[in-house]
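Structure record follows, encoded as structure tokens.
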There are 2 protein chains.
Amino acid sequence: MVQKKKGPPQGGPPAEITAAPAEPKRRGRPRAYEPDVALGKALELFRATGFAATSLDDLSAATGMNRPSLYGAFGDKRELYIKSYQRYRDSARATIGEILRQDWPVRRQLEALFAAALDIYLSGEEGPRGCFTVMTAGSEAIADPDIRAMVQNAVTELDKAFAHCFRRAKEKGELPDSADPVVLAQLASATIHSIAVRARARVPREALEAIVAGAIDVLVGRK
Amino acid sequence: MVQKKKGPPQGGPPAEITAAPAEPKRRGRPRAYEPDVALGKALELFRATGFAATSLDDLSAATGMNRPSLYGAFGDKRELYIKSYQRYRDSARATIGEILRQDWPVRRQLEALFAAALDIYLSGEEGPRGCFTVMTAGSEAIADPDIRAMVQNAVTELDKAFAHCFRRAKEKGELPDSADPVVLAQLASATIHSIAVRARARVPREALEAIVAGAIDVLVGRK
DNA sequence: CTTTTTTTGTACCATTTCGCACTAAATCCC
DNA sequence: GGGATTTAGTGCGAAATGGTACAAAAAAAG
């Protein structure tokens with residue numbers, strides 16, 4: 001995902017254009033930042049401290065862009081938050097899609113999905129950062145309809161991904177006929193939400209993995 | 001302004017003492033607020049907007065106390081947040097204890113616990129406010145060790161409450177020997193966390209109730 | 001009535017915060 | 001080289017924020 005997005009043609013002649021649409025020739029002074037990595041830094045900060053507690057100065061320091069540049073590139077703080085969240089979701093969606101694409105037994109697929117979630121939630125220089133969707137639900141979702149819609153969407157998509165997983169498993173005979181993919185999916189999503197909360201409370205990885213293992217056993221039967 | 005707030009023993013002889021420790025005779029100017037209801041208002045505000053996005057002016061307006069009084073009564077903003085959270089947890093603990101005390105079948109007990117959670121999460125003038133623990137995990141828990149400890153505690157206590165519930169059910173023969181109370185409890189807690197997140201995204205009550213119903217079926221078997 | 005004690009409420013301060021002019025710099029086009 | 005164009009970076013300013021000093025007010029105690 002993190003494609004080097006080819007910044008501006010600089011450093012030399014525009015010989016090696018990677019693959020991206022690659023803007024042909026920019027006109028004025030070249031940017032001193034790469035929008036993509038700057039957005040990544042912003043996301044990182046927002047994930048650590050949330051919307052309200054993150055100041056533009058903090059964002060400016062983290063991205064290396066000064067405030068006017070930040071503003072010019074991404075709009076105001078709210079827009080930047082939304083773009084950060086979009087990026088987070090795109091990344092998560094890609095990860096999930098990648099796993100769902102594999103032709104694996106449910107158990108393995110669940111293991112992969114939960115492991116991916118843990119990697120995301122536990123990453124972070126100063127302590128695990130949890131799930132951005134859960135954080136956003138807890139803060140901006142109430143007052144901001146647009147952001148709330150994104151949260152709703154994220155939750156729904158996760159449910160659907162898991163449901164797809166269980167439905168297929170049922171078709172393949174891995175689950176009993178009595179199994180309800182939608183219910184199982186909601187429980188799997190719930191487990192995701194729960195480990196996100198616990199991660200931010202600094203529950204150690206092993207404990208979270210134990211929770212995941214227990215959940216999988218209940219969802220698809222003990223190994 | 002707004003002095004309806006007749007508080008302590010006054011208006012007549014201290015004849016009708018309700019039940020509380022009832023402070024005997026205060027010395028100086030009487031308070032224009034009741035600490036308890038003020039704290040309740042503060043909690044309400046914090047639950048709606050979170051720590052960082054709630055200003056002292058907001059709190060002052062909500063409680064009817066001016067900032068210096070607020071400070072004198074509860075300390076700075078962080079202390080007020082902690083006291084609000086404590087109050088929230090005390091209340092939740094009381095509710096849970098009340099339910100656990102009943103000699104009911106697991107299913108009924110779970111139904112009662114989840115119903116109580118939904119009542120808490122869905123209340124609020126302007127939209128459901130979710131779970132304070134989940135919100136706090138998503139915001140202050142990373143940077144503030146004391147607050148993080150409270151969140152850890154809250155999560156652990158919830159797990160234990162559910163585990164107690166399932167363990168007893170197992171003893172009473174309501175659950176198969178193969179059932180693991182701890183694992184089931186974590187799934188129940190996860191369901192709690194999940195409906196808290198969804199509530200803030202304004203998922204309608206019926207949908208949340210459906211999730212709860214599905215979870216209960218998986219946890220203790222279909223009715 | 002006076003003193004003492006406690007709370008209230010106004011006013012203030014130092015900082016932070018967000019946003020935006022405005023100037024300087026760097027690159028492209030002719 | 002000269003002009004056009006785009007970005008960088010300094011810095012300002014209005015508003016908000018957290019916190020507090022201080023005097024007035026309200027009650028009990030003497």
Side-chain angles (χ1 to χ4, degrees), chain A residues 6-14 22-39 42 45-46 49-82 140 144, chain B residues 1-14 22-39 42 45-46 49-84 140 143-144:
Chain A
K6 180 47 243 196
Q10 95 205 40
E23 44 244 75
K25 1 104 183 294
R26 300 199 121 275
R27 197 84 154 69
R29 174 172 177 169
R31 285 197 274 252
Y33 58 91
E34 290 187 74
D36 229 40
V37 315
L39 192 56
L45 231 191
F46 275 136
T49 35
F51 178 80
T54 304
S55 75
L56 284 187
D57 278 334
D58 295 337
L59 290 163
S60 176
T63 58
M65 305 165 61
N66 44 39
R67 285 211 304 286
S69 293
L70 249 183
Y71 195 82
F74 304 111
D76 67 10
K77 191 174 157 185
R78 175 174 172 276
E79 287 180 79
L80 178 53
Y81 188 82
I82 289 178
E140 311 313 305
D144 193 313
Chain B
M1 71 198 26
V2 187
Q3 49 284 41
K4 264 75 224 272
K5 217 74 78 58
K6 215 40 244 107
Q10 87 213 47
E23 49 245 78
K25 22 354 257 321
R26 300 201 119 272
R27 195 77 156 71
R29 175 172 176 170
R31 286 197 273 251
Y33 60 91
E34 291 186 74
D36 228 41
V37 314
L39 192 56
L45 230 192
F46 276 135
T49 35
F51 178 80
T54 304
S55 74
L56 284 185
D57 278 334
D58 296 336
L59 289 164
S60 175
T63 57
M65 305 164 63
N66 44 38
R67 286 212 301 285
S69 293
L70 249 182
Y71 194 84
F74 304 110
D76 67 10
K77 192 176 158 186
R78 175 172 171 278
E79 287 180 81
L80 177 52
Y81 188 82
I82 290 178
K83 286 183 176 126
S84 299
E140 311 315 306
D144 193 313

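Everything numeric here is computed off the predicted structure, so don't read it as measured data. Chain letters run A, B, ... following the sequence lines, proteins first, then strands; residues in each count from 1.
- Rounding to whole angstrom units, CG of residue B:Asp58 and C1' of D:dG18 are separated by 13 Å.
- A:Leu80 has its side chain within reach of A:Phe46: a pair of non-hydrogen atoms, C-beta onward, lies under 4.5 Å apart.
- Nearest to the side chain of B:Ser55, among D:dG18, C:dT27, D:dC12, sits D:dG18.
- Each of B:Phe51 and B:Gly28 was assigned the nucleotide of DNA chain D with the nearest heavy atom; the assignment lying further toward the 5' end belongs to B:Phe51.
- In this structure, of D:dC12, D:dT6, C:dT8, it is C:dT8 that holds the atom nearest to the side chain of B:Arg31.
- Taking every heavy atom of both residues into account, B:Pro35 and B:Phe74 meet most closely at O-CZ, 3.6 Å.
- When the C1' atom of C:dC18 is taken as reference, atom CD of A:Glu79 falls 14 Å away, rounded to whole Å.
- Close to D:dT20, at under 4.0 Å from its OP1 or OP2, lies a side-chain N or O of B:Tyr71.
- With DNA chain D read from its 5' end, the first of the two nearest nucleotides for B:Lys77 and A:Arg67 is the one closest to A:Arg67.
- Judged by closest nucleotide on DNA chain C, B:Arg27 is the one of B:Arg27 and B:Leu70 placed further toward the 5' end.
- When the P atom of D:dG18 is taken as reference, atom CZ of B:Arg78 falls 15 Å away, rounded to whole Å.
- Considering every non-hydrogen atom in both A:Arg67 and A:Leu56, the closest pair reads CD-CB, 3.4 Å.
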Report task. Determine, step by step, whether A:Leu70 and A:Leu59 satisfy the side chain to side chain contact (heavy atoms under 4.5 Å, CB included) criterion, reporting the C-alpha distance in whole Å, the side-chain angles of both residues, the deciding distance to 0.1 Å, and the verdict. Result -> CA-CA 8 Å; A:Leu70 249 183; A:Leu59 290 163; 3.8 Å; yes
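- Here D:dA26 is the nucleotide among D:dT17, C:dC12, D:dA26 with the atom lying nearest to any side-chain atom of B:Arg29.
- Across C:dT8, C:dG19, D:dA8, the shortest atom-to-atom separation from the side chain of B:Ala32 is found for C:dT8.
- Side-chain contact check for A:Ser60 and A:Asp57: no donor-acceptor pair (N or O, by modelled atom type) lies under 3.5 Å.
- Note on B:Ser60: nothing from the nucleic acid sits closer than 4.0 angstrom, heavy atoms only.
- The side chain of A:Pro68 lies closest to D:dT10 when the candidates are C:dG19, D:dT10, D:dG19.
- Phosphate contact (OP1/OP2 of C:dT7, side-chain N/O of B:Ser69, threshold under 4.0 Å): absent.
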